[in-house]
Amino acid sequence: MTSKFSTVFLASVLALAALLAGCSKAPSEADLNLATAKQKAEQCVEPENVIRTKHMDMLMHQRDATVIEGIRTKQHSLKECINCHVSATKEDGTPLHYGDKEHFCTTCHAAVGQKIDCFQCHADRPEVGQDPNYQHTVGSVEGHHFTQGVTAAAAPTAAEVQMVAQPQQGAAK
Amino acid sequence: MSQNRVDEYRRNFITALGGAAAVVAVAPTLLLREAHAAGEVAAKPADQAVTNAKRWGMLIDVTKLTDGGAGMVAACKKEHGWGDEAHSSPEQQAHWARVVKVTDKLTHNSFSLPVMCQHCENPPCVDVCPTGASMKRADGIVQVNKHTCIGCRYCMMACPYKARSFVHEALQDQKPHSPRGMGTVESCNMCVHRIDNGQLPACVEAAPDAVVFGDLNDPNSAVSQAMKTIGGKQIRADLELNTGVRYHGI
Ligand code: SF4
Ligand code: SF4
């Protein structure tokens, strides 16, 4: 998985470099987001096992807080998951959508036979038009939510971990 | 219902301050122009819930809209990405905001005005919703919580302003800040994502000389002052919905 993501990043970096070729100032390391999936996992908003088992609960909680109360913290925001984890395009440059097997969310949901409705309404990829470097640099100011309240969520139970580790028979397609 | 809440707040404030209020009300005609950036939105900390201390609203001066509001509608489209539904008929197309042309049958005098959700204080669309998806936020913004909307379209029928529309087809590449999708009803949400971020709604930014936006509960806000000076009419005031969107020159 790591290598696939690095390739995607490399491709986007190359595309960016081509874009910026005409500019006088070449982008520095800090301008670009070179974090690999592994690095990102280490700095995710919650520990990996919590994310695996509880992300749906967090999103469910956040959606009501946001729509009804106007609370727009970034830590459990779906938009920020997408901004960090999903590339806007596939390696060949065509748009990457939830229906594609390379989509970050799809990789697991397909394996466990989950059909979700989030992306009927929500954007399933970052909006590159506004900011070509849409993804947070790991550890940057923009990525402040990586370090906030990481211990806030309850740890998954052993049964939940088990469930994630071993998808049910016949669920995968 | 004798007086609306906005007036009540203003009256209380003026009573409390007495003469001081008169000093605050400076050169009236300047106000609309002074508020050039078209009002103000105080940034709210992201982790705090909205309260009913504020009630957002706007005053649209139709006489200063040279294009009848087309620019405002275009800005809304661009912000939220509606109106380009490829498989929907013209009647089915989303319309968060429309330019409505009004002609007096007797004098043939006509003018245009932009009509969007009026953000009623007593919204009929909220009364009828079977799931609670059609909702009024504490700060007066009326919107559809699409997570719980079942697409029954009851609210579309209830709204006297034809402010709501239904998404008839599957969508892709929505704006990340404005989720919208098939099977749900939608309408102007006063650019709630921008307000929470301390920004003015997109349409207000597109017509800064004609629109003043702000807190209707605050008698000193640019919008309250402008309404005090030039008035702020409601469309179909007879329905007594106490709309948050008010007009001058209609
Ligand atoms: S204008 Fe229509 S959609 Fe908006 S609050 Fe009033 S009834 Fe509801
Ligand atoms: S269409 Fe949705 S928001 Fe409107 S009344 Fe039905 S459930 Fe409520």
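Lettering follows sequence order; numbering is per chain, from 1. As the structure is a computational prediction, the values presented were derived from the model and not from experiment.
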Handout entry: Identified side chain to side chain contact (heavy atoms under 4.5 Å, CB included) partner of B:Pro176 from the options A:Glu80, A:His122, A:Glu127
Key = A:Glu127
Practice task
Would you please go through residues 72-100 of chain B and name the residues with a non-hydrogen atom below 4.5 Å from one of chain A, in numerical order?
Solution key: none
Handout entry: Nearest-0.5 Å distance that lies between atom CD in A:Glu69 and atom CD in B:Gln48
Key = 11.5 Å
Handout entry: A:Met60 atom CE, over 12 foreign heavy atoms within 6.0 Å
Key = no
Problem - Check ion pair A:Arg125-B:Asp173 (N to O, under 4.0 angstrom) - result: yes
Handout entry: Residue-level interface, residues 143-153 of chain B with chain A, non-hydrogen cut-off under 4.5 Å
Key = B:Gln143, B:Asn145, B:His147, B:Thr148
Problem - Atom OH of B:Tyr154 with >12 non-hydrogen neighbours under 6.0 angstrom - result: no
Exercise for the section: Evaluate the side-chain proximity of B:Gln172 to A:His97: yes if any heavy-atom separation is below 4.5 Å, no if none is. Expected result: yes
Exercise for the section: Give a yes or no on whether the backbone of A:Cys121 and the side-chain of B:Gln174 come within a donor-acceptor separation of less than 3.5 Å. Expected result: yes
Exercise for the section: Please list all pairs passing the ring pair (Phe, Tyr, Trp, His ring centres under 6.0 Å) test where one or both residues lie in residues 41-65 of chain A, with sequence neighbours left out. Expected result: none
Practice task
Return the option, out of B:Arg180, B:Met182, B:His193, with the maximum number of heavy-atom pairs under 4.5 Å with chain A.
Solution key: B:Arg180
Practice task
Output the option from A:Leu78, A:Thr73, A:Asp64 having the highest count of non-hydrogen pairs under 4.5 Å with chain B.
Solution key: A:Thr73
Exercise for the section: Check ring pair (Phe, Tyr, Trp, His ring centres under 6.0 Å) between A:Tyr98 and all other residues, then give those that pass, not counting sequence neighbours. Expected result: A:His103, A:Phe119
Handout entry: Side-chain donor/acceptor of B:Lys44 to backbone N/O of A:Gly70, under 3.5 Å
Key = yes
Problem - Check: A:Ile68 and B:Arg137 side chains under 4.5 Å, non-hydrogen atoms - result: no
